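Given the structure is predicted, the values throughout are model-derived calculations rather than measurements.
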Amino acid sequence: MSSLATEDIHRRAVAGDGDAQFALSRIFDREGRHDVAVSWLDRAARQGHIASMTWLGTRLLVGRAAPFQPNEGAVLLARAAELGQAEAAARVAVLAAVGLGRPQSWETALDWLQTAAGRGDSSARAQLVLLTDDDSVAAAAARPDPEPALWARARKAINLKAWLTPPAARTISASPRVQVFERFTTPSVCDWLTRRAAERLVPARVYDADKGGRREDGMRTSSGTGFSLIDTDVILALLRARMAAANPDLNIAGFEPCNILRYDIGQQYEPHYDFLNPEAPALAEPLARQGQRQATFLTYLNEDYTGGETAFPELDWRFGGKTGDALLFFNVEPDGRVDPRTLHAGLPPVTGEKWLLSQWIRDRPQPII
């Protein structure tokens, strides 16, 4: 953008033009001057600029290039949603699903998802198609201009109880605790999650027990991506709630942001523990702040590969899940002591690529990120 164009945007922003203030904030963001960008967004939002409310509210939720003010972010998003913004309505649906800034309510979440779909939000529409039991919705939604009543019909045909009720567990080992859930979720949900992750993959990392923090390591060669609160949608929120309902010892408040992983041919995660070693000095701080990783819940998102099993050498057992199957294992014993028998590895695929959703669960509530 030329300096003259930027000067014109600045002039209009100073004069109170909300669109110009929003545009100016994006310029400052590109320059890395996020504090100035946030100040312009705040100014525009206070004047009722809906796009600025939505973008600022989203950033405040998790402190992304902005102050960490989740409650203020939720208020801004709610205001933008009430004023008719489609993206804000979709985000408020997630806030209702997780209970941030408002009481947790699945019915309210689905109502807002329907509202976002009616306003044209493509993600909200796709989620309703996945969630509904009305088989005619998908065909009607694929038309160039779906009827407005379609989204209410889709919303009405969602069997919320079924989505929140996991299948029965099959116990593999009572000690350590290992369970398998066949057909934990549907192939269509697996495909949805895989497509959401595909363009965001980065090399996977491990905890650095010597120096603290995380780093890339040759023992883990897969790629993956995390889903923070602002990356989460209603589908993912429902799946996490379904995980929490799968075992009485799981508390959804302890769920970390989930990760979706891809293992290409030859990529692996060598034998390792998911618990944090309480004897490693560099891990003392994350243990004190976030608690221990008490359990791991893996959902297998595809099956068109060979090899790639999850192997437990101490148990002499491997698991290669079908699409939608899930595996739960506890990394600690019932009294909280770490369990070295949970040593496990992600074996390399021989053909194809393996997709997996990994959900770590701590023994205390997790911060919003």
Show your reasoning for whether side-chain contact (heavy atoms from CB on, under 4.5 Å) applies to Leu327 and Phe297. CA-CA 6 Å; Leu327 170 66; Phe297 206 116; over 6 Å; no

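- Partners of Ala13 under the side chain to side chain contact (heavy atoms under 4.5 Å, CB included) rule, at least two apart in sequence or in another chain, are Ala20, Gln21, Leu24, Trp40.
- The one candidate from Tyr300, Phe181, Phe312 that meets the ring-ring contact (aromatic ring centres under 6.0 Å, His included) condition with Phe319 is Tyr300.
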Would Asp264 and Lys354 satisfy salt bridge (charged side-chain N to carboxylate O under 4.0 Å, His left out), going step by step from the backbone distance to the final call? CA-CA 7 Å; Asp264 207 345; Lys354 170 187 173 181; over 6 Å; no

Between Asp208 and Arg214, does a salt bridge (charged side-chain N to carboxylate O under 4.0 Å, His left out) hold up when you go through it step by step? CA-CA 5 Å; Asp208 190 327; Arg214 301 189 188 192; over 6 Å; no

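- For the residue pair Ala97 and Ala109, the shortest heavy atom distance occurs at N-CB, 3.8 Å.
- The local environment of CZ in Arg183 is sparse, with at most 12 non-hydrogen atoms from other residues, nucleotides or ligands closer than 6.0 Å.
- Heavy-atom neighbours of Glu31 CD from other residues, nucleotides or ligands within 6.0 Å: above the threshold of 12.
- Of all the heavy atoms in Ala90 and Ala116, the pair that sits closest is N-CB, 3.6 Å.
- Counting heavy atoms from C-beta on, the side chains of Leu236 and Phe227 come closer than 4.5 Å.
- Sorted by first and then second residue, the pairs that involve residues 10-20 and meet side chain to side chain donor-acceptor pair (under 3.5 Å), not counting sequence neighbours, are Asp8-Arg11, Asp8-Arg12, Arg12-Asp17, Asp19-His49.
- Checked for salt-bridge contact, Asp191 and Arg195 meet the test: a charged N lies under 4.0 Å from a carboxylate O.
- Shortest non-hydrogen contact noted between Val189 and Leu130 is N-CD2, 4.3 Å.
- Looking only at side-chain heavy atoms (C-beta outward), Gln292 and Val338 come within less than 4.5 Å of each other.
- With sequence neighbours excluded, the residues that form a side-chain hydrogen bond (donor to acceptor under 3.5 Å, both in side chains) with Asp339 are Arg341.
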Check against side chain to side chain donor-acceptor pair (under 3.5 Å), Glu353 and Trp355: CA-CA 7 Å; Glu353 59 183 26; Trp355 288 86; 2.9 Å; yes

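- Between Asp111 and Arg155 there is a salt bridge, with a side-chain nitrogen of the basic residue lying less than 4.0 Å from a carboxylate oxygen of the acidic one.
- Among all heavy-atom pairs drawn from Val234 and Val94, the shortest one is N-CG2, 4.0 Å.
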What verdict does the side-chain contact (heavy atoms from CB on, under 4.5 Å) test give for Leu76 and Thr54, after you've listed the backbone C-alpha separation in whole Å, the side-chain angles of each residue and the deciding distance to 0.1 Å? CA-CA 7 Å; Leu76 281 171; Thr54 303; over 6 Å; no

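- Contact annotation: the side chain of Glu107 approaches that of Leu160 to within less than 4.5 Å [non-hydrogen atoms, C-beta and beyond].
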Given Gln127 and Leu113, is the side-chain contact (heavy atoms from CB on, under 4.5 Å) satisfied, shown in steps? CA-CA 8 Å; Gln127 290 177 71; Leu113 194 66; 4.0 Å; yes

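- Among residue pairs with one or both ends in residues 293-318, those qualifying as salt bridge (charged side-chain N to carboxylate O under 4.0 Å, His left out) are Glu256-Arg293; sequence neighbours excluded.
- In terms of hydrophobic clustering, with Ile, Leu, Val, Met, Phe, Trp and Tyr side chains grouped at heavy-atom distances under 4.5 Å, Ile265 and Val350 are assigned to different clusters.
- Between Phe275 and Phe330, the distance from one ring center to the other does not fall under 6.0 angstrom.
- Shown here are the salt bridge (Lys or Arg N to Asp or Glu O under 4.0 Å) partners of Arg200, two or more places apart in sequence or in another chain: Asp231.
- The shortest side-chain heavy-atom distance between Ile172 and Arg170 falls under the 4.5 Å cut-off.
- In this structure, Val38 is not a member of the same hydrophobic cluster as Leu77, with clusters built from ILVMFWY side-chain heavy atoms closer than 4.5 Å.
- The shortest distance between side-chain heavy atoms of Asn302 and Thr194 does not fall below 4.5 Å.
- Within the structure, the side chain to side chain donor-acceptor pair (under 3.5 Å) test picks out the following pairs touching residues 240-252 (sequence neighbours left out): Arg177-Asp249, Gln179-Asn247, Arg240-Gln359.
- Among residues at least two apart or in separate chains, side chain to side chain donor-acceptor pair (under 3.5 Å) pairs with a member in residues 67-90 are Glu87-Arg91.
- Among pairs with a residue in residues 46-55, those fulfilling salt bridge (charged side-chain N to carboxylate O under 4.0 Å, His left out) read Asp42-Arg46, at least two apart in sequence or across chains.
- A salt bridge is defined here as a Lys NZ or Arg NE, NH1 or NH2 lying under 4.0 Å from an Asp or Glu carboxylate O, and Lys156 with Asp133 fails to meet this definition.
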The test is salt bridge (charged side-chain N to carboxylate O under 4.0 Å, His left out); show your working for Glu182 and Lys322 and say whether it passes. CA-CA 8 Å; Glu182 295 175 353; Lys322 301 294 186 182; over 6 Å; no

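- Under a hydrophobic clustering in which Ile, Leu, Val, Met, Phe, Trp and Tyr are joined whenever their side-chain heavy atoms come within less than 4.5 Å, directly or via other members, Ile9 and Val36 fall into the same cluster.
- Looking only at side-chain heavy atoms (C-beta outward), Pro348 and Gln267 stay at 4.5 Å or farther from each other.
- Across Ala209 and Ala280, no two heavy atoms sit closer than the pair O-CB, 3.8 Å.
- Taking 4.5 Å as the limit, some side-chain heavy atom of Ser123 sits within range of a side-chain heavy atom of Trp192.
- Scanning for ring-ring contact (aromatic ring centres under 6.0 Å, His included) contacts around Phe68 gives an empty result, with sequence neighbours left out.
- Counting heavy atoms from C-beta on, the side chains of Ser358 and Thr299 never come closer than 4.5 Å.
- Checked by atom type and distance alone, the side chain of Glu333 never pairs as donor or acceptor with a backbone atom of Pro176 at under 3.5 Å.
- In this structure, Leu276 CG and Leu287 CG are separated by 4.5 Å, a value rounded to the nearest 0.5 Å.
- For Asn277, the side-chain hydrogen bond (donor to acceptor under 3.5 Å, both in side chains) test picks out no residue, with sequence neighbours left out.
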Could you go through Asp29 and His34, starting from their C-alpha distance and side-chain angles, then the distance that decides it, and tell me whether this counts as side-chain contact (heavy atoms from CB on, under 4.5 Å)? CA-CA 5 Å; Asp29 270 331; His34 302 302; 2.8 Å; yes

Name the atoms and distances for all side-chain donor-acceptor pairs under 3.5 Å in residues 135-152, with sequence neighbours left out.
| unit_1 | atom_1 | unit_2 | atom_2 | d |
| --- | --- | --- | --- | --- |
| Ser136 | OG | Asp134 | OD1 | 2.6 |
| Ser136 | OG | Arg153 | NH2 | 2.9 |

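- Here the shortest heavy-atom pairing between Tyr263 and Gly346 reads CE2-O, 4.2 Å.
- Not counting sequence neighbours, the partners of Thr296 by the side chain to side chain contact (heavy atoms under 4.5 Å, CB included) test are Asp274, Leu298, Phe329, Asn331, Trp360.
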